[in-house]
Amino acid sequence: MSESALTALAGIVLLGVGAQWLAARLGLPSILLLLVVGFFAGPVTGFLHPDELFEELLFPLVSLSVALILYEGGLTLKLSDLPRVGGVVRNLVSFGAIATWLIAAVAARLIFGLDVRLAVLLGAILVVTGPTVIGPLLRHIRPQGNVGSVLMWEGIVIDPIGAVLAVLVFEVIGHGEAAFDSAQLVVLAIAKTLVFGGGLGILGGVVLAQLIKRYLIPDFLQNAVSFMFVLGAFLGANLLQHEAGLLAVTVMGIYLANQKQADVRHIVEFKENLRVLLISSLFVILAARLQPAALTNVMWRGLLFVAVLVLIARPLSVWISTIGSKFTRAERLFIMWLAPRGIVAAAIASLFALRLEHAGYADAGQLVPITFIVIIGTVAIYGLTSPLVARCLGVASVNPQGVLFVGAQPWVRAAAAMLKDKGFRVLLVDTNRQNVTAARMANLDTYSGSVLAEYAIEEMRLGGIGRLLAVTQNDWVNALASQRFTPVLGRQNCYQIRPYEDKQGKESEHKHLHGRWLFGENVSTLDLARRHAVGAVVKATPLTEEFDFAAYRSMHGDRAIPLFAITENKKLIVLSEDDETTLAPGHTVISLVTEPKPEKK
């Protein structure tokens, strides 16, 4: 028995992580392969029997895993986004959630013939979207503007709200018909959830931040202690109010992500790796519990139900939530077309179905297959079509022209400001707070942190960014940044500047280990920094028939280092050693130019 249990546990991890890896290689939503693998390992082959393997520990483990996933999601949310998107997010998780709930409940009643109480419960469960699915999709699509922030905030915040809503409905069902005649139970539960969940979340975050700030936790224990605090907040809130723990861990994550007292980036990186493992395992386990007969019974009606959610519920909820906002029609339409369901919906449906079956609700067993059909259907529809929809609506560009600068030194800020003035999106990344602050004072978009951090790509909001320029004084950072962004932007769009000691244009024996060399053969970041420090400025010069590039070179000579060129149709060209672009009339040259010294009289 112990050997079979060991085989099953190892198999869950192998199958889950293997499915994630294969999905990444194929460019598919990982949740689809996870569900297929889990279904194959469970009912198809009989290799995995989660109920027998975990017995009474199954759903406690699922609940704890969901809590950790939401905590990690909270760590990625920045309150600085709220002035731009806060109103729409608030509406989506309130008015939009109510609209989705009501439409899903009515559809479940009409299509599946569920008992009214079960239909209302299913509607509450399906209010949640899937941040674990939305995050990778947004990273792949890289939408422009604020739609990415809206979708990430909605996906993470709606999960505890949806879970609490489902719990309230479940409690009403458990109290019988009389509970429907009084709002006291619901009001009290909401108040207790906000007080205990929000309060313990903030308290846990404050205490943990202070302990880290005062160096009271050794470095090697900080991840473990943060794990302890998360589980403590989750358990404490749940003991005081059912499912308030999900709100507690989400609030704790948001607090830690936005406080300035303690550096928690290493904790975020640890939780990111843990999240991948948890999602891989959970989807395999929950999919393995499905029964083919149950799926077959609701298959065709399930597809009709998915169509109602995708074509009616989501568009209506977004329309209500964006009334009076500054979002364009294209941005609204894109938000309408992205609401996949994920692990939280699967976990809540599985948990409540089991409890209701024990309470004597015969139809409760349908909740799980219906929810999984919704998960599979929405992930397939949105995952396979949303990149095309984003490009058709103009929310994401087929060939984005923006530039991500790794490094925010003075000359970089000057070059970025010029590109922004010409209409290109720029984003500066640096670990030096003085550089980041100076860039923000210049009204440039910034990201304070390491470009190599595991969570950085998802947090940066890369909408409109098409090129990476790694220009720090650390050549290893530049090379690793180029490698890191090659799968995201493509090798042809990842550049780095030559190190000072290797600026003579020698052919590298390891071309695959670095990006394309920037600017000229004799140009290093130290050269550019020195020139800018003694008065060189970034200038944009239009080329004409009368003043072509040869005349430009004749005028400026070695005093000008061409950095970029802009074509007549507003396409940005990054000038590199291997670039064969011929600068012609109609182009605008952006260079770092050292002004000639005035002659002494």
Side-chain angles (χ1 to χ4, degrees), residues 63 66 69-70 73-74 88-109 111-112 114 116-134 150-173 186 189-190 193-194 197 242-247 250 302 305-322 335-353 356 367-368 370-379 381-382:
S63 297
V66 171
I69 291 170
L70 289 183
V88 173
V89 172
R90 178 201 61 216
N91 294 340
L92 282 171
V93 301
S94 55
F95 302 117
I98 293 172
T100 301
W101 178 24
L102 295 177
I103 293 172
V106 172
R109 172 65 175 166
I111 295 174
F112 300 107
L114 291 177
V116 173
R117 289 165 292 187
L118 292 180
V120 173
L121 176 61
L122 180 62
I125 292 171
L126 295 178
V127 161
V128 302
T129 56
T132 55
V133 188
I134 288 176
V150 166
L151 290 166
M152 280 302 296
W153 268 96
E154 179 203 11
I156 294 171
V157 173
I158 196 65
D159 274 357
I161 292 175
V164 171
L165 180 62
V167 169
L168 294 177
V169 175
F170 180 78
E171 287 196 357
V172 169
I173 293 175
V186 173
I190 292 175
T193 298
L194 292 175
H242 289 307
E243 301 304 331
L246 295 181
L247 177 62
T250 305
F305 186 59
V306 171
V308 171
L309 294 177
V310 171
L311 301 177
I312 299 177
R314 179 62 177 179
L316 181 60
S317 67
V318 174
W319 178 75
I320 293 172
S321 302
T322 55
I335 297 173
M336 290 178 183
W337 197 252
L338 198 60
R341 272 61 174 185
I343 189 63
V344 177
I348 296 173
S350 301
L351 178 62
F352 288 162
L356 289 171
L367 294 179
V368 175
I370 292 172
T371 301
F372 271 87
I373 287 176
V374 171
I375 293 172
I376 296 170
T378 55
V379 170
I381 292 171
Y382 295 130

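For clarity, every value in this text was computed on a predicted model and none was experimentally measured.
Contact check for V93 versus V127: no side-chain heavy atoms found under the 4.5 Å cut-off. No side-chain heavy atom of L126 sits less than 4.5 Å from a side-chain heavy atom of T100. Here the side chains of V120 and W101 are in contact, with some heavy-atom distance below 4.5 Å. Side-chain contact between V310 and Y382: present, with at least one pair of heavy atoms (C-beta onward) separated by less than 4.5 Å. Contact annotation: the side chain of W319 approaches that of M336 to within less than 4.5 Å [non-hydrogen atoms, C-beta and beyond]. Within the 4.5 Å cutoff, side-chain heavy atoms of F305 are placed close to those of L122. The shortest distance between side-chain heavy atoms of T129 and L338 does not fall below 4.5 Å.
Taking CH2 of W337 as the start and CG of L311 as the end, the distance is 5.5 Å to the nearest 0.5 Å. With rounding to the nearest 0.5 Å, the separation of CD1 in I158 from CG in L92 is 8.0 Å. A distance of 11.5 Å separates CG in L102 from OG in S317, rounded to the nearest 0.5 Å. Note that CG of N91 is 10.0 Å distant from CD1 of I320, once rounded to the nearest 0.5 Å. Atom OG of residue S63 and atom CG of residue L246 lie 7.5 Å apart, to the nearest 0.5 angstrom.
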Next on the checklist: Go through it in stages, so that I can follow the logic: the residues are I111 and V308, the test is side chain to side chain contact (heavy atoms under 4.5 Å, CB included), and I'd like the CA-CA distance, side-chain angles, deciding distance and then a yes or no.
Outcome noted: CA-CA 10 Å; I111 295 174; V308 171; 4.2 Å; yes

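Across every non-hydrogen atom of A119 and A108, the tightest pair is CB-CB, 4.0 Å. When all heavy atoms are compared, the tightest approach of V379 to P340 is CG2-CB, 4.1 Å. Contact detail for I134 and G155: the closest heavy-atom pair is CD1-CA, 4.5 Å. Across every non-hydrogen atom of L367 and L118, the tightest pair is CD2-O, 4.1 Å. When all heavy atoms are compared, the tightest approach of L309 to V374 is CD1-CG1, 3.7 Å. Of all heavy-atom pairs spanning A124 and L165, the tightest one is CB-CG, 3.7 Å.
Scored by the salt bridge (charged side-chain N to carboxylate O under 4.0 Å, His left out) test, R314 finds E154 as partners (sequence neighbours excluded). By the ring-ring contact (aromatic ring centres under 6.0 Å, His included) test, F372 is found to be paired with no residue, residues two or more places apart in sequence or in another chain being considered.
Although no hydrogens or angles enter the test, the distance criterion places a donor-acceptor pair under 3.5 Å between the side chain of T378 and the main chain of R341.
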